[in-house]
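Let me begin by presenting the structure, written as structure tokens, before commenting on it.
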Amino acid sequence: MPHSVSGVEMRKRQAAHIEAPPQAPGQPRPNTCCLCWCGCCKCLWNEDRIERSERQTCTKMDSIEAAEEQHPSLEEVLSWARSFELMLRSLEGREIFREFLRSEYSEDNLLFWLACEELKKETSPSVVDEKARIIYEDYVSILSPKEVSLDSRVREGINQSLAEPSNRMYEDAQLQIYTLMHRDSFPRFLNSTVYRDLLASRRRTCLDT
């Protein structure tokens with residue numbers, strides 16, 4: 001005679017069935033309650049699964065937001081003093097340098113350089129044409145409100161390129177402005193209160209931790 005299963009043992013088996021971890025796709029689905037095999041019911045298992053998923057999503061978003069709010073490290077701030085290029089590659093570095101340039105009324109040099117960097121990334125002829133002309137009107141034209149310091153040779157080359165704009169038509173002008181910022185503005189930036197205050201703040205943070 002077959003061994004009978006008691007009510008207590010049956011409930012244990014059902015409980016084990018409900019609590020079992022999810023299986024890989026294609027396998028029998030024990031990750032639902034004992035009465036619903038489609039996974040669509042409002043049973044406790046599904047509610048718990050959804051709650052865990054929401055908690056994990058919130059945790060990931062919190063981590064992303066925390067990373068975005070982080071300030072540059074002491075090592076990064078010190079590296080800017082060693083390399084103008086490293087500073088320009090850093091979002092925080094560009095922002096603090098821009099703040100300094102604004103105090104000297106030369107912010108347009110950096111904005112022009114950044115606009116040229118963006119133009120280099122474009123491949124669509126229509127977009128290149130539009131952005132090239134915007135840069136010309138904003139920074140190069142004698143009527144532009146944000147004129148940057150370019151010599152006559154470079155300006156003439158740009159004027160000739162306007163007939164057939166390319167994504168690299170401002171390379172000579174960009175190099176000239178890069179050199180100007182590097183040799184003229186950057187040394188003053190490193191001696192400015194803007195940079196020194198940031199450096200002191202990062203050092204205090206390191207000591208506090």
Side-chain angles (χ1 to χ4, degrees), residues 64 67-203 205-206:
I64 293 172
E68 291 175 347
E69 293 174 357
Q70 285 182 349
H71 297 289
S73 66
L74 174 60
E75 291 75 13
E76 185 176 3
V77 175
L78 287 171
S79 73
W80 300 343
R82 297 190 297 269
S83 171
F84 181 60
E85 181 69 22
L86 283 178
M87 186 194 68
L88 286 185
R89 290 179 185 174
S90 164
L91 175 60
E92 295 85 357
R94 291 195 302 271
E95 287 301 313
I96 195 70
F97 186 55
R98 180 178 176 180
E99 180 182 341
F100 167 75
L101 293 178
R102 191 179 297 121
S103 70
E104 292 199 337
Y105 304 99
S106 57
E107 176 187 13
D108 292 339
N109 287 334
L110 178 61
L111 296 179
F112 170 75
W113 185 87
L114 292 172
C116 294
E117 284 293 288
E118 288 301 313
L119 178 62
K120 288 179 181 179
K121 301 174 184 178
E122 299 296 343
T123 56
S124 169
S126 60
V127 176
V128 168
D129 182 82
E130 180 183 5
K131 287 192 174 184
R133 294 184 184 280
I134 289 174
I135 291 174
Y136 181 83
E137 292 171 0
D138 284 350
Y139 299 101
V140 182
S141 169
I142 58 174
L143 301 177
S144 64
K146 306 175 182 179
E147 185 176 354
V148 292
S149 301
L150 300 172
D151 62 36
S152 58
R153 177 189 62 82
V154 171
R155 287 182 182 276
E156 181 60 28
I158 293 173
N159 289 333
Q160 293 176 2
S161 299
L162 280 176
E164 296 182 7
S166 71
N167 61 353
R168 293 188 173 272
M169 63 176 286
Y170 291 105
E171 277 192 329
D172 288 344
Q174 188 183 18
L175 177 60
Q176 192 170 99
I177 294 303
Y178 178 95
T179 303
L180 176 66
M181 291 191 296
H182 188 191
R183 294 179 179 176
D184 186 48
S185 302
F186 186 54
R188 292 198 303 276
F189 165 71
L190 296 178
N191 289 316
S192 69
T193 56
V194 173
Y195 178 73
R196 290 184 176 276
D197 288 349
L198 176 62
L199 188 59
S201 172
R202 294 298 90 207
R203 282 173 171 156
T205 300
C206 288

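When a residue number appears, it is its place in the shown sequence, counting from 1. These values consider heavy atoms only, across backbone and side chains, with no hydrogens, waters or symmetry-generated copies.
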Nearest-0.5 Å distance, [atom1] of residue [X] to [atom2] of residue [Y]:
| X | Y | atom1 | atom2 | answer |
| --- | --- | --- | --- | --- |
| Lys146 | Phe112 | NZ | CZ | 12.5 Å |
| Cys116 | Asn167 | SG | CG | 11.0 Å |
| Ser144 | Asp138 | OG | CG | 7.5 Å |
| Leu101 | Leu110 | CG | CG | 6.0 Å |
| Ile96 | Leu91 | CD1 | CG | 11.5 Å |
| Ile134 | Leu119 | CD1 | CG | 10.0 Å |

When you measure from the side chain of [X] to the backbone of [Y], do you find a donor-acceptor pair of N or O atoms at a distance under 3.5 Å?
| X | Y | value |
| --- | --- | --- |
| Thr205 | Ser201 | yes |
| Arg155 | Val140 | yes |
| Arg133 | Leu162 | yes |
| Glu122 | Val127 | no |
| Gln176 | Asp151 | yes |
| Arg94 | Leu88 | yes |

(request) Would you please test Arg203 and Val77 for side chain to side chain contact (heavy atoms under 4.5 Å, CB included) and show each step? (result) CA-CA 10 Å; Arg203 282 173 171 156; Val77 175; over 6 Å; no
(request) Could you check if a side-chain atom of Phe186 sits within less than 4.5 angstrom of a side-chain atom of Leu180, using non-hydrogen atoms only? (result) no
(message) I want to check something: taking the side chain as every heavy atom from C-beta on, are Tyr170 and Lys120 in contact at a cut-off of under 4.5 Å?
(response)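 Side chain of Tyr170 against side chain of Lys120, heavy atoms only: no contact under 4.5 Å found.
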(message) Quick test of your reading of the model: are Glu117 and Lys121 salt-bridged, counting only N-O distances below 4.0 Å?
(response)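 Salt bridge: no.
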(message) Between Glu171 and Arg168, does any side-chain N to carboxylate O distance fall below 4.0 Å?
(response) yes
(request) Can you sort out the partners of Phe189 under ring-ring contact (aromatic ring centres under 6.0 Å, His included), two or more places apart, ordered by chain and number? (result) Phe97, Phe100, Tyr195
(request) State, without any angle test, whether Asn159 and Tyr136 hold a side-chain donor-acceptor pair at a distance under 3.5 Å. (result)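 Checked: Asn159/Tyr136 side chains pair up, N/O donor to acceptor below 3.5 Å.
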(request) Please report the C-alpha distance between Arg98 and Leu111 in whole Å, then the side-chain angles of each, then the deciding distance to 0.1 Å, and finally whether the side chain to side chain contact (heavy atoms under 4.5 Å, CB included) criterion is met. (result) CA-CA 9 Å; Arg98 180 178 176 180; Leu111 296 179; 3.6 Å; yes
(message) What verdict does the side chain to side chain donor-acceptor pair (under 3.5 Å) test give for Ser90 and Glu76, after you've listed the backbone C-alpha separation in whole Å, the side-chain angles of each residue and the deciding distance to 0.1 Å?
(response) CA-CA 9 Å; Ser90 164; Glu76 185 176 3; 2.9 Å; yes
(request) Would you please test Tyr139 and Leu150 for side chain to side chain contact (heavy atoms under 4.5 Å, CB included) and show each step? (result) CA-CA 10 Å; Tyr139 299 101; Leu150 300 172; over 6 Å; no
(request) Return each pair, listed once, that meets salt bridge (Lys or Arg N to Asp or Glu O under 4.0 Å) where at least one residue sits in residues 172-185; pairs must be two or more places apart or across chains. (result)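 Listed once each, the pairs are Asp184-Arg188.
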